[in-house]
Participant: 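Have a look at this one.
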Amino acid sequence: MISKSTIDAVFDAARVEEVIGDFVTLKKSGSNYKGLSPFVNEKTPSFMVSPVKQIWKDFSSGKGGNAISFIMEHEHFSYPEAIRYLAKKYGIEIEETEQSDEEKEQLNEKESMFIVSEFAKKYFEETLFQAEEGKAIGMTYFKERGFTQETIKEFGLGYSPDQWSAFTDAALQKGYSLEYLEKTGLTIVKEDRKFDRFKGRVMFPIQSMSGRVLGFGGRILITDKKAAKYLNSPESDIYHKSKVLYGIFHAKQEIAKQDNCFLVEGYTDVIQMHQTGIKNVVASSGTALTPDQIRLISRLTKNITMLFDGDAAGIRASMRGVDLILEAGMNVRVCPLPDGEDPDSFARKHSKEQLDEYFKNNATDFIRFKANMLMGEAKSDPIKKAELIRDMVQSISKIPDQIQKEIYVQECARIMDISEDVIFNSLAQIGRKELADANKKYVQERKQMEVVHSEQQPKEAIDPQYNLERKIIEILLLYGNMEEQFIELLLDVNEDNEVIEVEHKVEQKVYERIYLSLQEDEVQLTNPMFKVIYKDIMDYFNHNVWDLEKYLKTLNPEMAQEVTSIIMEDEKETLHNWESQNIIVKQKVQGVSQYVTETILTLRMYLLNTMIEKYKVKLKDSDEKRSYEMLTLIMDYTSLMNMFSKRLGQVTSRFKTIEE
């Protein structure tokens with residue numbers, strides 16, 4: 001793990017305006033800087049950077065934070081990856097905390113595989129651009145595909161010589177270990193002989209979202225019935241085919257910006273579309289789409305557009321991935337290409353503007369597309385039509401959102417010319433057993449939780465989460481526009497699940513602090529009225545100078561009544577029975593920053609405590625494997641609880657000192 005001293009050094013060195021300036025064109029605006037949002041398309045700047053406060057705010061998307069959070073949001077890095085990126089930018093040497101011999105061995109092994117893979121990428125690139133064989137065979141192929149030299153360099157394309165061990169010999173001469181050449185799959189070892197896996201192939205490096213080389217795809221250029229046309233790296237500790245999407249490193253920013261991801265099948269499909277200007281595109285690399293790949297896209301957008309080749313067989317094969325996308329709660333549209341075309345050939349023949357227009361006019365909702373495609377096969381055959389309807393209903397049943405599911409039922413009924421009742425009955429038949437099982441499990445869990453709650457708190461106790469959410473609304477209304485100094489809590493977790501705490505002082509508006517804290521924990525208010533008021537207050541802060549009197553005039557009667565009730569409530573009223581739950585919450589205080597920090601920490605502790613109790617209940621009915629997983633989660637959450645409790649004690653102690 002990265003040491004605390006390294007993290008502190010990165011925070012001290014990183015200037016938010018310098019970090020963001022690498023990605024966004026910033027112009028001076030008073031004491032701040034402004035620019036166009038890097039997260040959405042806009043013509044009027046709404047992206048603000050404060051060098052004094054060392055924070056940024058994007059009023060279009062609602063995102064904000066410090067230099068670290070910007071790198072995480074923009075580059076979709078994890079926290080450690082963001083620290084490493086900034087350490088490299090500012091020339092800070094990264095110190096690692098002490099690890100066990102086993103941990104060091106595992107880390108060193110993976111890192112060695114990454115290093116070998118990076119060497120291979122550079123070797124294949126140099127062979128393509130400098131060796132006569134590479135230029136004559138590999139470069140000719142890429143040029144024939146229509147790839148420019150700029151595109152070839154951008155995607156790191158290369159060539160592996162048509163010799164048995166040219167790459168392996170070069171790697172060994174450079175001092176790379178045969179063990180890691182074999183583990184990455186770059187070299188095949190049989191007894192005393194060593195072979196290059198990708199000999200005589202053009203090379204496509206496969207990169208992670210952060211840009212590290214995980215493996216390779218190689219295409220053979222000669223006709224050989226015994227050899228596969230495309231060959232991928234074998235599964236390894238760093239390459240898992242089902243969890244990787246080709247092109248995700250080059251596409252991630254545009255996917256997030258366009259809020260849509262085009263999904264294709266092959267390497268050249270991605271490269272050709274990218275070169276044409278459609279950069280929010282990735283490929284499943286010829287494999288059937290997997291849940292892990294869908295989750296990778298979901299980190300960037302909830303919208304997927306699948307591009308289908310013109311042939312019917314390809315369309316039918318690709319349609320199997322639609323159900324997985326729906327099951328993941330994603331939105332999916334499909335766009336068939338003209339007969340005989342694939343994304344590679346189609347992009348080569350058209351400009352970006354023409355592609356945009358085609359996708360706009362031809363991308364359709366999956367249910368319309370599936371119905372039209374299958375109706376052509378069913379024609380007037382009632383048996384086939386019944387099978388078609390069952391097929392459609394099967395897809396609809398995968399959708400987790402009930403409102404969206406009902407809309408699709410209505411659309412399906414209209415297209416199929418049947419009643420909605422028939423479809424709902426079919427859905428019920430498909431899910432009856434699952435629903436019964438889920439309902440039974442739900443009832444059991446509710447009974448168990450009621451027992452736990454009855455043992456833990458008095459009958460008259462009020463829902464603690466309700467009180468905390470009400471406190472958050474109260475703070476926003478009374479203190480939201482105040483600027484306070486906060487100690488920002490940054491967390492990291494090492495491979496031992498030990499939490500590292502980093503403190504950093506920042507000047508922030510109270511409403512910004514609350515927003516970023518809840519966003520960091522992915523916490524949403526659960527009370528329906530508070531959820532609406534919270535969003536409304538945040539929108540008002542982002543678009544207006546705060547004026548409580550004017551704000552109250554914008555509310556409907558129901559919201560105005562609730563807000564007035566919160567404002568006028570006795571400021572010294574205590575929260576109900578928190579002491580019995582070992583949770584301390586300050587009431588109205590002179591130090592607003594302490595008040596805010598304590599409220600957020602208490603909410604975090606309450607939610608963690610809720611999760612711990614839930615898993616304790618589940619632990620009773622778990623098998624051995626699940627019991628281990630549950631115990632691990634309970635230990636992790638307990639560790640976080642202890643850390644938050646310690647943090648809450650520190651904040652309380654500081655405030656007591658101020659009072660005294």
Side-chain angles (χ1 to χ4, degrees), residues 2 10 14 19-24 38-39 67-92 94 107 109-126 128-129 147 150-158 180 184-186 203-218 232-233 236-258 261-262 264 267-268 270-271 273-275 279-285 292-293 295-301:
I2 303 173
V10 168
V19 173
I20 295 176
D22 290 341
F23 304 93
V24 180
F39 304 109
I68 302 291
S69 65
F70 178 83
I71 293 299
M72 292 174 68
E73 286 281 359
H74 193 270
E75 295 299 290
H76 303 283
F77 283 173
S78 66
Y79 178 73
E81 286 173 337
I83 292 292
R84 291 180 186 278
Y85 171 88
L86 290 176
K88 183 178 180 180
K89 173 179 173 64
Y90 287 97
I92 298 170
I94 295 176
L107 181 63
E109 183 168 299
K110 279 190 175 182
E111 192 60 34
S112 296
M113 293 172 72
F114 279 124
I115 291 171
V116 164
S117 298
E118 187 62 35
F119 166 76
K121 176 177 176 287
K122 291 178 181 178
Y123 173 85
F124 296 139
E125 285 180 285
E126 290 175 0
L128 177 70
F129 280 94
F147 299 158
E150 181 182 359
T151 297
I152 294 170
K153 288 182 177 179
E154 183 176 1
F155 281 86
L157 306 183
Y180 297 118
T184 55
L186 289 161
M203 301 299 294
F204 301 83
I206 301 168
Q207 295 171 275
S208 69
M209 190 175 282
S210 61
R212 304 204 81 174
V213 180
L214 305 174
F216 294 88
N232 275 11
S233 294
S236 71
D237 286 345
I238 63 172
Y239 178 62
H240 303 281
K241 193 172 184 178
S242 64
K243 298 181 180 181
V244 174
L245 286 165
Y246 181 74
I248 191 73
F249 172 64
H250 300 90
K252 60 184 179 182
Q253 291 180 20
E254 198 67 15
I255 291 172
K257 195 170 185 178
Q258 298 295 333
C261 176
F262 287 105
V264 296
Y267 305 129
T268 58
V270 169
I271 298 170
M273 286 188 64
H274 187 96
Q275 181 172 283
K279 298 184 178 182
N280 52 323
V281 56
V282 298
S284 55
S285 304
D292 285 323
Q293 291 172 330
R295 277 192 288 272
L296 200 59
I297 297 174
S298 70
R299 291 170 56 185
L300 306 169
T301 181

Participant: Taking the side chain as every heavy atom from C-beta outward, state whether R212 and I238 have any atom pair closer than 4.5 Å.
Facilitator: no
Participant: Atom CD1 in I248, atom CD1 in I297: separation rounded to 0.5 Å?
Facilitator: 6.5 Å
Participant: With no hydrogens and no angle check, is any side-chain donor or acceptor of K89 less than 3.5 Å from a backbone partner on V19?
Facilitator: no
Participant: If you apply the rule side-chain contact (heavy atoms from CB on, under 4.5 Å), what do you find for Y239 with N232, and how did you get there?
Facilitator: CA-CA 10 Å; Y239 178 62; N232 275 11; 3.3 Å; yes
Participant: Does any part of the side chain of F204, heavy atoms only, come nearer than 4.5 Å to the side chain of T268, both counted from C-beta?
Facilitator: yes
Participant: When rounded to the nearest 0.5 angstrom, what is the spacing between OG1 in T151 and CD1 in I271?
Facilitator: 8.5 Å
Participant: Are the side chains of F129 and K153 in touch, meaning some heavy atoms are under 4.5 Å apart?
Facilitator: yes
Participant: Minimum heavy-atom separation for G156 and E125, please, with both atom names.
Facilitator: CA-OE2, 3.4 Å
Participant: Can you give me the closest heavy-atom contact between F70 and P38, atom names plus distance?
Facilitator: CE1-CG, 4.1 Å
Participant: Calculate, to the nearest 0.5 Å, the distance between atoms CD and NZ belonging to Q293 and K241 respectively.
Facilitator: 9.5 Å
Participant: Quick one: pull up CZ in R84 and CD1 in I71 and give me the separation to the nearest 0.5 Å.
Facilitator: 15.5 Å
Participant: Which heavy atom of S117 sits nearest to which heavy atom of V213, and what is that distance?
Facilitator: CB-O, 3.6 Å
Participant: Would you compute the distance between atom CG of L186 and atom CZ of F119 and round it to the nearest 0.5 angstrom?
Facilitator: 10.0 Å
Participant: Any heavy-atom pair between the side chains of K279 and Q253 that's under 4.5 Å?
Facilitator: no
Participant: What heavy-atom pair brings M209 and L300 nearest, and what distance separates the two atoms?
Facilitator: CE-CD1, 4.0 Å
Participant: What is the minimum heavy-atom distance between V282 and V270, and which atoms define it?
Facilitator: C-CG2, 3.6 Å
Participant: Is S233 close to I206 at the side-chain level, that is, under 4.5 Å between some pair of heavy atoms?
Facilitator: no
Participant: Quick check for you: to the nearest 0.5 Å, what is the distance between M72 atom CE and I83 atom CD1?
Facilitator: 9.0 Å
Participant: Hey, can you tell me if F216 and F124 have their rings parallel, tilted or perpendicular (30° and 60° cut-offs)?
Facilitator: perpendicular
Participant: Compare all side-chain heavy atoms of L214 with those of S208 and state whether any distance is below 4.5 angstrom.
Facilitator: yes
Participant: Do T301 and N280 have side chains that approach each other closer than 4.5 Å (heavy atoms only, starting at C-beta)?
Facilitator: no
Participant: Looking at C261 and I255, what are the two nearest heavy atoms and their distance?
Facilitator: SG-CD1, 3.7 Å
Participant: Counting N and O atoms only, with roles assigned by atom type, does the side chain of H274 sit under 3.5 Å from a partner on the main chain of G247, one being a donor and the other an acceptor?
Facilitator: no
Participant: Less than 6.0 Å separating the ring centroids of F155 and Y267?
Facilitator: no
Participant: Taking side chain as C-beta onward, heavy atoms only, is V10 less than 4.5 Å from I2?
Facilitator: no
